[in-house]
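Each ligand, and each atom within it, is numbered from 1 in the order the structure gives. In what follows, residues are counted from 1 in the order of the sequence shown.
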Amino acid sequence: MNKTPNILVTGAAGFIGSHTMVELQQAGYQVIGIDNFENSSSRVADQITAITGIATHIEKIDIRDKKSLNEFVNTHKDIAAVIHFAAYKAVGESVQFPMKYYENNIGGTVNLLEAMAANQINNIVFSSSCTVYGEANPPVDETAPVQQATSPYGNTKQICEELLKDQSQATGLNVISLRYFNPVGAHDSALIGELPIGVPNNLVPFITQTAIGKRKQLTVFGTDYPTADGTCIRDYIHVVDLAKAHLKALEYQLAGKNKQSFDVFNLGTGKGSSVLEVVAAFEKVSQQKLNMVFGPRRTGDVVQVYAACNKANTALGWKTERTLENCMQTAWAWEQALAAKENK
Ligand code: NAD
Ligand code: UD1
């Protein structure tokens, strides 16, 4: 019988974690998911099962709870690699409650690395962010310098990269840090997607919540930027493309193809889109006008950032397949599915 490696996924019920669980299962991996369900729903496991037809269980474990985490990892002796998503991610909240972010994002990662070391688990794929580059000249590749973080959240990503690097030097741990640009969209089934807590800060959920009537209007933050239409430019990557990149990174690592024990890859589309282009794509696929007003710039926003992804394209053999319109179409289908459930 062919034995496929066991992969531990932290934050498995979250937005990117759940889509990655699907891709891993569909590729034949045995997946062990953990989550504390603080920012997600325990029902996500059933949705994953509905998509893949493979019975899915996500164990309720808080990675800050060292004892439970150790016990859990210890009882699953044959884990080949960990994909580590579990973290808090709200930039604004991190400014208000920095210790909460340092405790969870850094403390949780330290606990995880200790549990891995104690159980000889030698591979980890980590969720980092393009936020580490700050205001850089796009297209941004992995040689761009890491800038002073502008929020505690951003700082947790930088510090985690540093501590992963130290651990890889000390123990030979293989680390791939994936620096995501702007993950958006949802699974084609509309069974899993992003679940923003409270009022969304991010553009795409704000657009779909406005269209469904949860928000009055979208405010475009700044129209006087030095870009073609005056609005900021970002690199919006479909969450399914992003999930597939995790699979490629894992395969690269498990095949021992990594050239260095700590490596980073940018994950984006390589194409920048302005806020108004995102709105136009949404209006096209949803065939409705979005209620929108123009407002002042948001403090801390960079003018434009998009990825150079040649490294991931070449080394991992990965490239994005989805368009911006597909991102908006799947995000909109997900928002409508959520509304239909709420109205039942
Ligand atoms: P998410 O909030 O949807 O998922 C994170 C999951 O981790 C949630 O299900 C949450 O309940 C869980 N979690 C949080 N703390 C935990 C803990 N102590 N123990 C166990 N589970 C815990 O977020 P996401 O968008 O899926 O992001 C996943 C990762 O990617 C995060 O590390 C995030 O910082 C990073 N990232 C996200 C984006 C983005 O825009 N979504 C961009 C760059 C990087
Ligand atoms: C945010 C985070 C960043 C994170 C990234 C991807 C901040 C300051 N930064 O950045 O750390 O890595 O998401 O998850 O939160 N916009 C509007 N109106 C809105 C919302 C957004 O015009 O209501 C604009 C923003 O000004 C920006 C663009 O849309 O130009 C995208 O915003 P957002 O989705 O928040 O992503 P980032 O700014 O890239």
Side-chain angles (χ1 to χ4, degrees), residues 9-20 33-42 44 58-65 68-69 83-95 100-101 103-105 107-109 111-112 126-134 149-151 153-154 156-157 160 178-184 192-197 199-207 209-210 215 217-223 225 227 231-237 239 242-243 246 267 273-276 278-279 292-306:
V9 177
T10 76
F15 175 41
I16 308 169
S18 57
H19 289 82
T20 304
I34 60 173
D35 202 298
N36 66 356
F37 305 114
E38 190 177 337
N39 287 330
S40 54
S41 160
S42 58
V44 167
I58 299 176
E59 184 83 9
K60 186 167 188 207
I61 300 273
D62 191 317
I63 60 167
R64 284 167 297 194
D65 179 350
S68 320
L69 180 65
I83 306 186
H84 179 32
F85 295 103
Y88 292 141
K89 64 166 182 180
V91 175
E93 187 191 49
S94 81
V95 176
K100 179 175 164 180
Y101 274 67
E103 185 196 22
N104 197 30
N105 296 8
T109 302
N111 288 345
L112 180 66
F126 174 69
S127 299
S128 188
S129 167
C130 70
T131 190
V132 302
Y133 297 120
T150 54
S151 71
Y153 167 73
T156 66
K157 291 293 161 194
C160 280
L178 299 176
R179 293 176 176 164
Y180 314 154
F181 282 64
N182 290 55
V184 294
I192 51 173
E194 190 170 6
L195 267 183
I197 312 289
V199 182
N201 293 310
N202 294 119
L203 178 63
V204 173
F206 207 102
I207 289 176
Q209 287 198 5
T210 303
R215 311 282 152 216
Q217 62 197 14
L218 171 79
T219 302
V220 175
F221 297 143
T223 51
Y225 283 102
T227 60
T231 65
C232 288
I233 290 175
R234 298 285 183 274
D235 186 340
Y236 298 93
I237 174 170
V239 66
L242 188 62
H246 289 74
L267 297 179
S273 304
S274 73
V275 176
L276 295 183
V278 174
V279 172
M292 170 173 80
V293 292
F294 296 128
R297 292 179 176 198
R298 177 172 72 177
T299 314
D301 267 343
V302 298
V303 181
Q304 58 169 335
V305 63
Y306 51 92

Honestly, for Asn105 the part within reach of ligand 1 (heavy atoms, under 4.0 Å) is neither
Short question: side chain of Ser94, backbone of Lys89 - any donor-acceptor pair under 3.5 Å? no
Whether Ser129 lies under 4.0 Å from ligand 2, heavy atom: yes
So for ligand 2, is Asn182 a polar contact partner (N or O within less than 3.5 Å, distance only)? yes
List every atom of ligand 2 that sits less than 4.0 Å from any heavy atom of Val220, numbering the atoms from 1 in the order shown and giving each element. 22 (O)
With a heavy-atom distance limit of 4.0 Å, tell me whether Tyr153 approaches ligand 1 through its side chain, its backbone, both, or neither. side chain
The closest protein heavy-atom partner of atom 28 (C) of ligand 2 is Tyr236 OH, 3.5 Å
Can an N or O of Lys89 be found at a distance shorter than 3.5 Å from an N or O of ligand 1? yes
Between Glu38 and Tyr88, does any side-chain donor sit less than 3.5 Å from a side-chain acceptor? yes
Against heavy atoms of Ser127, which atoms of ligand 1 measure under 4.0 Å? 29 (C), 30 (O), 32 (O), 35 (C)
If we set the cut-off at 4.0 Å for heavy atoms, which region of Asn201 has an atom near ligand 2: side chain, backbone, both, or neither? backbone
The answer for which part of Ala12 has a heavy atom under 4.0 Å from ligand 1 is neither
A student comparing Ala87, Gly154, Gly108 should find that the heavy atom closest to atom 5 (C) of ligand 1 comes from Ala87
Does Asn39 reach ligand 1 with a nitrogen or oxygen that is under 3.5 Å from one of the ligand's nitrogen or oxygen atoms? yes
With a 4.0 Å cut-off on N to O distance, would you call Asp65 and Lys60 a salt bridge? no
Shortest protein heavy-atom distance from atom 39 (O) of ligand 2, along with the residue and atom involved: Arg234 NE, 2.7 Å
Taking N or O atoms only and a 3.5 Å limit, does Ser129 qualify as a polar contact for ligand 1? no
So, regarding Leu203 and ligand 2 (criterion: nitrogen or oxygen to nitrogen or oxygen, under 3.5 Å), is there a contact or not? yes
For atom 38 (C) of ligand 1, closest protein heavy-atom neighbour: Pro183 CG, 3.9 Å
What part of Ile16, side chain from CB on, backbone N/CA/C/O, both or neither, has a heavy atom under 4.0 Å from ligand 1? both
Shortest reach to atom 15 (O) of ligand 2 by a heavy atom, considering only Val204, Asp301, Val91, Val275: Val91
Can you check which of Tyr101, Phe85, Tyr88 brings a heavy atom nearest to atom 31 (C) of ligand 1? Phe85
Report yes or no: does Thr10 contribute a side-chain atom to a donor-acceptor pair with the main-chain N or O of Ala86 at less than 3.5 Å? yes
Do any N or O atoms from the side chain of Tyr101 and from the backbone of Ala90 form a donor-acceptor pair under 3.5 angstrom? yes
Checking heavy atoms under 4.0 Å, the part of Leu218 that sits near ligand 2 is side chain
Which residue and heavy atom of the protein sit nearest atom 38 (O) of ligand 2, plus the separation: Arg298 NH2, 2.9 Å
Does some non-hydrogen atom of Thr10 fall short of 4.0 Å from ligand 1? no
Centroid-to-centroid, His19 to Phe85, below 6.0 Å? no
Could you tell me if any non-hydrogen atom of Phe15 lies under 4.0 Å from any atom of ligand 2? no
Consider ligand 1: state whether an atom of it lies below 4.0 angstrom from any non-hydrogen atom of Lys157. yes
With heavy atoms and a 4.0 Å threshold, my read on which part of Glu194 contacts ligand 1 is neither
What protein heavy atom lies closest to atom 17 (C) of ligand 2? Include the residue and the distance to one decimal. Phe221 CD1, 3.3 Å
Polar contacts were defined as any N/O atom of the residue lying under 3.5 Å from an N/O atom of the ligand; does this apply to Ala13 and ligand 1? no
Closest protein heavy atom (residue, atom, distance) for atom 18 (N) of ligand 2: Thr219 O, 2.8 Å
Please state which protein non-hydrogen atom is closest to atom 33 (P) of ligand 2 and give its distance, to 0.1 Å? Asn202 ND2, 3.4 Å
Name the closest protein heavy atom to atom 30 (O) of ligand 2, giving the residue it belongs to and the distance to 0.1 Å. Cys232 CB, 2.9 Å
Please determine if Cys130 has a nitrogen or oxygen closer than 3.5 Å to a nitrogen or oxygen of ligand 2. no
